[in-house]
There are 2 protein chains.
Amino acid sequence: MRQPPRLFPAARAVYLQGARDVPLYNIESGWLFSYQLLADGRRQILQFLLPGDLAGLEMDGSAGMTHGLDTLTDSVLCSIPREGFQRLCDSCPVVANHMQWIRARDMALLSEHAVSLGRRTARESMANLFMELAVRSVRSVQLISGTSLRMPLTQPIIADALGLTSIHVNRVLSDLRKSRIMELKNKMLTILDMEQLTRLANSPEGFLELWGPKAQA
Amino acid sequence: MRQPPRLFPAARAVYLQGARDVPLYNIESGWLFSYQLLADGRRQILQFLLPGDLAGLEMDGSAGMTHGLDTLTDSVLCSIPREGFQRLCDSCPVVANHMQWIRARDMALLSEHAVSLGRRTARESMANLFMELAVRSVRSVQLISGTSLRMPLTQPIIADALGLTSIHVNRVLSDLRKSRIMELKNKMLTILDMEQLTRLANSPEGFLELWGPKAQA
DNA sequence: CGGCTACTTGATAAATATCAATTCCTGTGG
DNA sequence: CCACAGGAATTGATATTTATCAAGTAGCCG
């Protein structure tokens, strides 16, 4: 049912906010993000999508998508027709069930993100974001080398994810480097002090276990 | 399958963050909110729940709930055993389907909330929140009298929903009153200038239609 | 190359938080 | 039924965080 894989180059829109008849997309490789725009151009990034994730789950239909999807890196996506998938869900409870699980996980991720936006300081939010992405990317494909891993985010992207300006992101990042906690350079994240980073991130118990055994299924 | 209705008085916990074996709850009447706490007590409210909504959908299982649920007003809830409901979903695709729809709607609401937290000013966020709750409450049970409707939120609650302090909420609220846009008094919201309020809320097209015909189903 | 964007740093401004104090409600216990 | 306690609402003064403006360098894609 999955359509043939298709390559989307880095920094391209996969679909725009408001688009109609958008299929689901299975992410074979690459990093992407979903976002929502305000009329004057302000942008809030809602989620980052990594290999193995499913995009386009949110609303569709007559009103159009509530969010847009862009690639961060070159990505390979397979589209999945909505109605065919719907039929599959109807006929196979195991699939329908797994979908619920995926949606619950997405919701937990977005909730955690909302906590950062509303109640964490810039430092805490950044620590949290990097821990989340480190765990997720290691669990999906990523090869770690020492304490470094690939983290293809630019400062403006981090800013739009955390509700900050890129200038402020730059300053906090250099603070974190000076504090010898972590370093982001050349799209590589190096964790210098996992102890302190974890304390800063301050995620509720259980958050990092969201990608435990069950997520492998 | 739904258990007998049970009354929860105002300002009570229905379940705590981290609780295990929590059932689903159908909200027969009352207003509630779900939230997440940080170790030092900072609180982020994630969603408001109104009659007809379903609570407890997010993660459960061995790790415990990722969020807590409290009542705002006296509320009547029916618990729904998780495993029984699971079986129902498995045997009845229409139900499973509607669940997906509910989860997609919750996701869209939380996304919009995240946009407020990250990219809207305090004024805009508040306009947005009140428009959302006005529309939802009118669609569920609420009786409107003129341009006023019941809105049982305190300033500290609004603050924890929008990532602000209650002091700042107070100031913005009195600004909004002085600007003759809206007024919140005695748990009643009065809309003085719908035109301006809508412009301030600045919600993407389609957001307010999330509770259109289909939501009645 | 050339043009755009990212990154960096400094100076200043705006939004929002913190501290403090007072009044007003409202639910509760005597 | 009243008194009281505790949170809610309000206002002022001040502090902190984060944004805005500005400018220059450095990278990267076409």
Side-chain angles (χ1 to χ4, degrees), chain A residues 7-13 33 38 40-45 70-74 116-127 129 151-178 183-189 200, chain B residues 7-13 31 33 38 40-45 70-74 116-127 129 151-178 182-189 200:
Chain A
L7 172 70
F8 289 78
R12 247 68 160 193
F33 63 92
L38 295 182
D40 61 2
R42 279 172 289 176
R43 179 173 69 171
Q44 177 63 51
I45 289 179
D70 274 19
T71 56
L72 274 172
T73 67
D74 290 349
S116 284
L117 290 168
R119 287 303 187 205
R120 285 200 253 251
T121 64
R123 271 170 81 98
E124 291 170 331
S125 297
M126 289 186 49
L129 177 63
M151 181 71 54
L153 309 180
T154 64
Q155 292 175 9
I157 292 290
I158 297 169
D160 276 348
L162 300 182
L164 305 167
T165 56
S166 62
I167 291 127
H168 195 59
V169 166
N170 185 288
R171 293 187 163 127
V172 174
L173 231 29
S174 76
D175 256 20
L176 253 18
R177 192 181 330 118
K178 264 176 285 187
E183 214 162 5
L184 185 59
K185 183 133 199 159
N186 288 122
K187 312 280 159 95
M188 294 287 292
L189 175 70
L200 241 195
Chain B
L7 172 70
F8 288 80
R12 247 66 160 196
W31 286 47
F33 64 92
L38 294 182
D40 62 1
R42 280 173 287 176
R43 179 173 68 171
Q44 177 63 50
I45 289 180
D70 274 20
T71 57
L72 275 172
T73 66
D74 290 350
S116 284
L117 291 167
R119 287 304 188 204
R120 284 199 254 252
T121 63
R123 272 171 82 98
E124 291 170 332
S125 297
M126 289 186 50
L129 178 63
M151 180 72 55
L153 309 180
T154 64
Q155 292 176 9
I157 291 289
I158 296 169
D160 276 347
L162 300 180
L164 304 167
T165 56
S166 62
I167 291 123
H168 196 59
V169 166
N170 185 288
R171 293 187 163 128
V172 174
L173 232 29
S174 76
D175 257 20
L176 253 18
R177 192 181 328 118
K178 265 176 284 186
M182 42 143 289
E183 214 161 5
L184 185 60
K185 184 133 200 160
N186 286 124
K187 311 281 161 96
M188 294 287 292
L189 175 70
L200 241 196

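These numbers come from the heavy atoms of this one structure, side chains and all, not from hydrogens, waters or symmetry mates. Letters A, B, ... mirror the listed sequences (proteins, then strands); counts begin at 1.
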Original post:
Reading nucleotides 23-30 of chain D 5' to 3', which nucleotides get B (base under 4.0 Å from a protein heavy atom), which S (sugar-phosphate only), which -?
Top reply: --------
Original post:
Reading nucleotides 6-22 of chain D 5' to 3', which nucleotides get B (base under 4.0 Å from a protein heavy atom), which S (sugar-phosphate only), which -?
Top reply: --SSBBBB----SSBB-
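Within a 6.0 Å sphere centred on CG of Asn186(A), heavy atoms belonging to other residues, nucleotides or ligands number 12 at most.
Arg12(A) contributes atom CZ, which lies 10.5 Å from atom CG of Asp70(A) (distance to the nearest 0.5 angstrom). With values rounded to the nearest 0.5 angstrom, Thr154(B) atom OG1 is found 7.5 Å from Leu72(B) atom CG. In this structure, CG on Leu200(A) lies 6.5 Å from CG on Leu176(A), to the nearest 0.5 angstrom. Atoms CE and CE, from Met182(B) and Met126(B) in turn, are 5.5 Å apart once rounded to the nearest 0.5 Å.
Residue pairs that meet the salt bridge (Lys or Arg N to Asp or Glu O under 4.0 Å) test with at least one member in residues 162-175 of chain B, sequence neighbours left out, are Arg123(B)-Asp175(B).
For DNA chain C, the outermost nucleotides in 5' to 3' order that have an atom under 4.0 Å from a heavy atom of chain B are dT16(C) to dC19(C).
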Subject >> From CA spacing to verdict: side chain to side chain contact (heavy atoms under 4.5 Å, CB included), Gln44(A), Leu117(A) >> reply: CA-CA 10 Å; Gln44(A) 177 63 51; Leu117(A) 290 168; 3.8 Å; yes
Subject >> CA sep, side-chain torsions, deciding dist, call: Leu153(B), Phe33(B), side chain to side chain contact (heavy atoms under 4.5 Å, CB included) >> reply: CA-CA 10 Å; Leu153(B) 309 180; Phe33(B) 64 92; over 6 Å; no
Subject >> Steps toward salt bridge (charged side-chain N to carboxylate O under 4.0 Å, His left out) verdict (Glu124(A), Arg42(B)) >> reply: CA-CA 13 Å; Glu124(A) 291 170 331; Arg42(B) 280 173 287 176; 2.9 Å; yes
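Using modelled atom types, one side-chain atom of Ser125(A) and one backbone atom of Ser116(A) make a donor-acceptor pair closer than 3.5 Å. The backbone N or O of Ala10(B) lies less than 3.5 Å from no partner atom in the side chain of Thr73(B), so there is not a single donor-acceptor pair.
The bend of the helix from dC1(C)-dG30(D) to dG30(C)-dC1(D), defined by the angle between the axes of its first five and last five pairs, stands at 60° to the nearest 10°.
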Please table the atom pairs, donor to acceptor, closer than 3.5 Å between any side-chain atom in residues 158-170 of chain B and protein atoms at least two apart or in another chain.
from      : atom 1 : to        : atom 2 : distance (Å)
Asp160(B) : OD1    : Arg119(A) : NH2    : 2.6
Asp160(B) : OD2    : Arg43(B)  : NE     : 2.8
Asp160(B) : OD2    : Arg43(B)  : NH2    : 3.1
Thr165(B) : OG1    : His168(B) : N      : 3.2
Asn170(B) : ND2    : Gln155(B) : OE1    : 2.9

